[in-house]
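Following: one structure in structure tokens, then a few remarks.
Computed over heavy atoms, backbone and side chain alike; hydrogens, waters and symmetry mates excluded. In what follows, chains are A, B, ... by sequence order, proteins preceding strands, each numbered from 1. What you see is a predicted model, and the numbers here were worked out from it, not measured in a lab.
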2 protein chains.
Amino acid sequence: MTEKPLVRRCMRDQVRDVLLERILEGTYAPGHRLIELELAAEFQISQSPVREALRELEAMGVVESQRYCGTRVRASDVREMQEAYELRAILEQNCAQLAVPLSAQTLAALESDLQDMQMSAAMQDVMCYSQAARSFHRHIVVESGNRLILQIWDNVQVRARLPFVAHYLVEELREFAAVHEPILRYLRNGDGVAAGDALRAMMQGLSSRMALLTTSHQVDSPEGEQAR
Amino acid sequence: MTEKPLVRRCMRDQVRDVLLERILEGTYAPGHRLIELELAAEFQISQSPVREALRELEAMGVVESQRYCGTRVRASDVREMQEAYELRAILEQNCAQLAVPLSAQTLAALESDLQDMQMSAAMQDVMCYSQAARSFHRHIVVESGNRLILQIWDNVQVRARLPFVAHYLVEELREFAAVHEPILRYLRNGDGVAAGDALRAMMQGLSSRMALLTTSHQVDSPEGEQAR
DNA sequence: AAAATATATATTATCGATAATTTAACGTCA
DNA sequence: TGACGTTAAATTATCGATAATATATATTTT
């Protein structure tokens, strides 16, 4: 397993980034155990930096660990994803209101993101769609001017697992992209309330969809590596 | 400096809690340096658990550290506090809506908190007031049923530095306590929207007050211990 | 055979020491 | 004097090893 040489920048940060990447990309499935000394051996470093990286990931909510029992990738259950979308609904509704009026520059960026969404929706490119959608929504949060909310949103975003969700909605990506059109229109007209309401409705719709996954699909069930 | 014996429960957690307490109580003023080996010596443990505790506090946003340069208590600037109250306004407004109708038990708890607030307001006991107010608002967030929001709220709560804010508002604690009366009444009547609106107004009022502190007071200026 | 107990193993939590790095203090030279 | 380099001191980052603990496995007891 060859990996980048891990030089310059403290080991801890590098390990964190590598592990986070692996988790988000799915290399480490939910439930996968992360053993400190094993990882230390792989990276050819000692236990300490690995340990600290894991603690950081734990604070971020992507792994969880129990005293003396090890650390494993969190299986984001349906309930949590639902809650994440419910929270996003609230945050983004308000951010839209705070963000208007938007600069021409920001509007252009949103326009560009929307085009990317429509393009990738047509090609059913889930990863690409997720990225564009994330960018679209994030711009609105940024423009709210509240850095704390942005920080929180970024955190919640990780838990919302959009790439995962988009995968289940691959047939409907076009429709989801289309929903963003009126939102952009409202924003362009400076109607933050309408844009906010539309954003909220969209997110709450997704939240409801999450609930349906509970029964139809088994979400994030660890396949290869199980709890013992 | 005698302290609790720090036994049972991993050292890291105990250290974290002690340090957090000291920071929130003001024993460690903003800007205060936290030196790993110094703390390790005080607690009679090694550097590692102290270090991990500091990393955790950093993730919580109460301290900040630079590579090889040490860790110090964050000076929560006015802007951040303002943003925190703006966010609380949004979260609590929505939580009130989600929380109704409340159980008799919860209403009783809110009633009790309100009494504590009025009592401590009368005695100008800032710490006591802060605690009661925190409990009051937290109950509402808990009853929203959204655990993720609760998690976020707890985090934001730390940044809002209520004890600090309350100190500046000590003369007005009575009035602030009184504002909670109609909120409780709305909640008792099951009017989540009205309660939410009132909560939001209160929080936004505080947010505005924070802005005023910018000019009139020098907030959180490290007195004893300075940056070098 | 089932329950309870002891042993073994795997892994984390902590330790004490060293390496790496930053900042401050000092001295040198133009 | 002041810019510049150099050493010294302070502190973090990392290391390698040990202690503590949980889980799994084997053993005994009833």
Give the nucleotide from the list [options] with an atom nearest to the side chain of [X].
| X | options | answer |
| --- | --- | --- |
| Tyr68(B) | dA13(D), dA13(C), dC15(D) | dA13(D) |
| Cys69(A) | dT23(D), dA13(D), dA20(D) | dT23(D) |
| Ile35(B) | dC15(D), dA20(D), dT12(D) | dT12(D) |
| Arg67(A) | dT14(D), dT22(C), dT21(D) | dT21(D) |
| Glu36(B) | dT14(C), dC15(D), dT12(D) | dT12(D) |

Rounded interatomic separation in angstrom, taking [atom1] from [X] and [atom2] from [N]:
| X | N | atom1 | atom2 | answer |
| --- | --- | --- | --- | --- |
| Glu64(B) | dT12(D) | CD | P | 15 Å |
| Leu34(B) | dA10(D) | CG | P | 19 Å |
| Arg12(A) | dC15(D) | CZ | P | 13 Å |
| Ile45(B) | dA19(D) | CD1 | P | 18 Å |
| Phe43(B) | dA13(C) | CZ | P | 19 Å |
| Met11(A) | dA19(C) | CE | C1' | 12 Å |
| Glu38(A) | dT11(C) | CD | C1' | 11 Å |
| Arg55(B) | dT11(D) | CZ | C1' | 12 Å |

Earlier contact from the 5' end, DNA chain D, for Gly70(B) and Gln66(A): Gly70(B)
Does OP1 or OP2 of [N] have a side-chain N or O of [X] closer than 4.0 Å?
| X | N | answer |
| --- | --- | --- |
| Arg51(B) | dT12(D) | no |
| Arg9(B) | dT14(C) | no |
| Ser48(B) | dT14(C) | no |

So does [Y] get a backbone contact from the side chain of [X], meaning a donor-acceptor N/O pair under 3.5 Å?
| X | Y | result |
| --- | --- | --- |
| Ser208(A) | Gln204(A) | yes |
| Ser135(B) | Gln131(B) | no |
| Glu83(B) | Arg147(A) | yes |
| Ser207(B) | Gln82(B) | yes |

Side chain to side chain contact (heavy atoms under 4.5 Å, CB included), that's the test. Do Leu19(A) and Tyr28(A) meet it? Break it down for me. CA-CA 8 Å; Leu19(A) 293 182; Tyr28(A) 293 149; 3.8 Å; yes
Categorize Leu54(B) for me: base, sugar-phosphate, or nothing, with a 4.0 angstrom heavy-atom threshold over every strand shown.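 The answer is nothing, as Leu54(B) stays clear of every strand by at least 4.0 Å.
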Counting any heavy atom closer than 4.0 Å, what does Gln47(A) reach on the DNA or RNA strands: base, sugar-phosphate only, or nothing? base
